[in-house]
Structures are given as structure tokens and as C-alpha cells.
Amino acid sequence: MDLQVLRSFRAVAEGVTVTEAAAEAHITQPALSRSLRRLENEVGAELFQRVGRVLRLTPAGRVFKEHVDTVLDAYDRGRRAVAEVVDPDTGVVSLAFLHTLGTWLVPRLVTGFRQRFPAVRFELHQADENGLAQHLLDATADLVITGKDPGLPLITWRRLLVEPLWLAVPARHRLAQRRRVRLAEVAAEQFVVLKPGYGLRSVTETLCRQAGFSPLVAFEGEEVETLRGLVAAGLGVSLIPASPDATAAPDTNPDLPVRYLSLTDVRATRDIGIAWPSSRPLPPAPHRFLTHALDTPTTTSPQ
């Protein structure tokens, strides 16, 4: 059993054909098929079963793959750590973040960091709040930029900034000409919100409770831009960050398809922070990026 066979096993387990996996490994398809059969003999169980033209994992194969993933990930992290010790100005930062932060905060931090360390590469992942924590626990990301403290003992979190939230209403809404409103004034209206599991969804529900009501959910989405589009179409109101095309004071721009109103009866903000695993040391490049993120003055979004 060698690492290349394990990599080929994982590729086939994840849907790559044996022919494609063989090409990646620079061997012939019959040679890879023989290697996979030897792997099954060493493990002592059938790992694949053929379904039509496709190989599917058997129950034993699914169990084995979990451990193969752990072995390969640990080996890759070890190689990476050695490479960064040899040349600490290079390396890879694996960073996961909320979708909404990919339009401004993440580019800002990455750009500033690469001005100092241009040889460092980035692997970027987007996910919801629950998915971000899992990235750290599964060691598929070094750092995550998220909207709240995951509250898990294996994860350390530090606040980077407090982001303002606005009540977004359609341009023809009855409140569209106002600059400030109480959240309670839209208690009877339909809301467009993110799906459960997203931090902004729980923030919205909490703020509505503080204002004395539960939001009437009309539509659920997976990205803030989708919510913004639904609001612009007149399908509801939403609590979201201001859009990139808003000015420094979104409530003063009359030309937007969505009006952003500040709220007077609740503190409409959300925390944005960075998290990393408490149980393992960060490699040099991610550790430098963490220091950079914590030291970068970022008090609010560019809106």
C-alpha cells in the first residue's frame, strides 16, 4: 500500500472514473485496477461494487475512506509544514469564510497580506456558519472568517469588527422615503431571510424578538445577494448589510432599487470574527495571516 494508491482510491470513491484516476497517477488503467484489487486484499474487504459502469463504495469502503482522508490530509499537512520551515515566506493559507464577506473583507485582507508576502498562495472556501466550523474541525481550513463565535472548545475565535445591518425595503415601499424606522413598524410584513444554519438568519430572528414579534418568512435563500434581489422585486423586507453600490451612508442614496433604513429600536449589528483550531498549531503562513487580520484596522464594511 502506498500513498498514490490511496489517492487514487479516494479519487474513485469521490466519483472519478478508474481511467481518469489512472491518467492522474500517470499509469495505465489496468495497472490501477490491479492496485485497487491489491488494496482490497490488504484491507480484507471489498471496497467497491460496480453499478452499471460506475464503481460505488461498499459499506466497508465508506468506513475505509474516512481513515484514508485522515491519513492523506495529515501527510499533506506534514509536507506543507516542512516546506514552510525550509522557506517561511512561501506556503499556503487555507481560508474559509461567509459568502457575504467575499465581496469586501476577504479581498481587503488578502490583498494587504500579499503585499508583504507575495509568494504565499491561498485556498479559499465559502460556507455557512455550521460549515465553517466543520472546516476547522475536519482540518480542511486553517482559518475561518465567520459571523459569530462557534462556541466550541476546540476552536478559538476573536472579533475583527462589528458590521452594521440595515432594514432593506423596496424602492416603492411605504417606508422608502424614511431614513430611520423602528423594526416594529414592519412586524406585519413578509421577510426574506437566509436559510436556517446561517448566522444572519439567527441574528434576524433575535432582533425581531427584541422588537416584539416573530418574522413572517416569505422566502429563504442561501446568499445575501439573493435576498437583496428579492427585496428589490418587492417580495419582502430584509435585515442585511448594505450593498456594495450603496454610499458611505446607504440611507441617503435615493437612486438604489433597495432602500436601506437604520433602526432605532434595536441594535442592528452582527459580529465578524476570525477563528482557528485550538488543538493544533498553525503553520507559519496561516499564523502570519492570522496576525495580519487581527492587526488590520477594520471597523466596519465599506458601505
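None of the values given here were measured: they were computed from a predicted structure.
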Pairs satisfying salt bridge (Lys or Arg N to Asp or Glu O under 4.0 Å), at least one member in residues 203-215, at least two apart: R201-E205
Closest approach of P164 to T269 (non-hydrogen atoms, all atoms of both residues): CA-CG2, 4.2 Å
Would you please name every residue forming a side-chain contact (heavy atoms from CB on, under 4.5 Å) with P153, sequence neighbours left out? none
Answer yes or no: are there more than 12 heavy-atom neighbours, outside R280 itself, under 6.0 Å from its atom CZ? yes
So do V93 and H292 actually touch side chain to side chain, heavy atoms under 4.5 Å? no
side-chain contact (heavy atoms from CB on, under 4.5 Å) filter on L137, not counting sequence neighbours, yields Q134, L152, L154, I155
Keeping T58 on the side-chain end and E46 on the backbone end, is there a donor-acceptor pair under 3.5 Å? yes
Within-4.5 Å side-chain heavy-atom neighbours: L200 and P241: yes
Residues at least two apart in sequence or cross-chain that pass side-chain hydrogen bond (donor to acceptor under 3.5 Å, both in side chains) with K148, listed by chain then number, are none
Just by modelled atom types, is the A22 backbone N or O under 3.5 Å from a matching donor or acceptor in the S8 side chain? no
Hydrophobic cluster identity match, L263 and L216, side-chain contacts under 4.5 Å: no
Not counting sequence neighbours, which residues clear ring pair (Phe, Tyr, Trp, His ring centres under 6.0 Å) with F9? List them please. F48, F64
Using the rule given for side-chain contact (heavy atoms from CB on, under 4.5 Å), can you reason through L36 versus L47, listing the C-alpha separation, both sets of side-chain angles and the distance that settles it, and then say yes or no? CA-CA 9 Å; L36 293 177; L47 302 175; over 6 Å; no
So which of L207, L167, L239, T206 actually passes side-chain contact (heavy atoms from CB on, under 4.5 Å) with V266? L207
Once you round to the nearest 0.5 Å, how far does NE2 of H287 lie from CG of L143? 9.5 Å
For the residue pair Y198 and H99, does the interplanar ring angle fall in the parallel (under 30°), tilted (30 to 60°) or perpendicular (over 60°) class? tilted
Interatomic distance, CD@E223 vs CD1@I240, rounded to 0.5 Å, equals 12.5 Å
According to side-chain contact (heavy atoms from CB on, under 4.5 Å), who are the partners of D149, at least two apart in sequence or on a separate chain? W157
Sorted by chain and number, sequence neighbours left out, side-chain contact (heavy atoms from CB on, under 4.5 Å) with L235 holds for F219, L230, A233
Describe, in one word, how the ring planes of F213 and F191 are oriented to each other, choosing from parallel (under 30°), tilted (30 to 60°) and perpendicular (over 60°). tilted
Residue pairs involving residues 134-143 (criterion salt bridge (Lys or Arg N to Asp or Glu O under 4.0 Å); sequence neighbours excluded): R80-D142
Within the structure provided, determine whether E14 and K65 are in side-chain contact (heavy-atom separation under 4.5 Å). yes
Begin from the C-alpha positions of R288 and T291 and carry the test side-chain hydrogen bond (donor to acceptor under 3.5 Å, both in side chains) through to its verdict. CA-CA 5 Å; R288 284 178 170 176; T291 301; over 6 Å; no
Quick one: does L183's side chain get under 4.5 Å of C208's, heavy atoms only? yes
Rounded distance (nearest 0.5 Å) linking atom OH of Y260 with atom CG of L165: 12.0 Å
Within the 4.5 Å heavy-atom criterion, are D2 and V5 side-chain neighbours or not? yes
Taking a hydrophobic cluster as the set of Ile, Leu, Val, Met, Phe, Trp and Tyr residues connected by side-chain heavy atoms closer than 4.5 Å, whether directly or through intermediates, do V16 and L72 fall within one such cluster? no
Quick one: pull up CZ in R121 and CZ in R114 and give me the separation to the nearest 0.5 Å. 10.0 Å
The side-chain hydrogen bond (donor to acceptor under 3.5 Å, both in side chains) partners of E40 (sequence neighbours excluded) come to none
Of all the heavy-atom pairs spanning A21 and V12, show the shortest one and how long it is. CB-CG2, 3.9 Å
Once side-chain hydrogen bond (donor to acceptor under 3.5 Å, both in side chains) is applied, do any residues pair with T17, and if so which ones, sequence neighbours excluded? E20
In Å and rounded to the nearest 0.5 Å, what is the CG to CG distance from L101 to L161? 8.0 Å
Please step through side-chain hydrogen bond (donor to acceptor under 3.5 Å, both in side chains) for the pair Q115 and T111, ending with a clear verdict. CA-CA 6 Å; Q115 289 174 351; T111 299; over 6 Å; no
Show the numbers, then the answer: is there a side-chain contact (heavy atoms from CB on, under 4.5 Å) between T226 and L194? CA-CA 9 Å; T226 300; L194 294 180; over 6 Å; no
List the residues meeting ring pair (Phe, Tyr, Trp, His ring centres under 6.0 Å) with H135, not counting sequence neighbours, and say none if there are none. H125
For G221 versus L227, what's the shortest heavy-atom pair and its separation? N-CD2, 4.1 Å
When rounded to the nearest 0.5 angstrom, what distance separates CG in L95 from CD1 in I274? 6.5 Å
Let me check something: do V68 and V63 share a hydrophobic cluster, defined by ILVMFWY side-chain heavy atoms less than 4.5 Å apart, either directly or through other members? no
Kindly indicate whether the side chain of W166, heavy atoms from C-beta on, has any atom under 4.5 Å from the side chain of S262. yes
Look at the side chain of D73 and the backbone N and O of A139, then say whether any donor-acceptor pair between them is shorter than 3.5 Å. no
Is the number of heavy atoms from other residues, nucleotides or ligands within 6.0 Å of CD (E185) greater than 12? yes
Salt bridge or not for K195 and E222, using N-O below 4.0 Å? yes
So H173 and E189, do their side chains get closer than 4.5 Å, heavy atoms only? yes
Scanning both residues in full, the closest heavy-atom pair of L136 with P277 reads CD2-CD, 3.8 Å
Across all chains, not counting sequence neighbours, the side-chain hydrogen bond (donor to acceptor under 3.5 Å, both in side chains) partners of S202 are none
Could you tell me whether the side chain of S278 and the main chain of T156 form a donor-acceptor pair under 3.5 Å? yes
Between P170 and G236, which heavy-atom pair has the shortest distance, and what is it? CD-O, 3.8 Å
Mind checking whether S33 and T28 have side chains closer than 4.5 Å, heavy atoms only? no
Side chain of S238, backbone of V192: donor and acceptor closer than 3.5 Å? yes
Audit row: V169, V258, side-chain contact (heavy atoms from CB on, under 4.5 Å) steps and yes/no: CA-CA 6 Å; V169 302; V258 174; over 6 Å; no
Minimum heavy-atom separation for A171 to R259, with atom names? CB-NH1, 3.6 Å
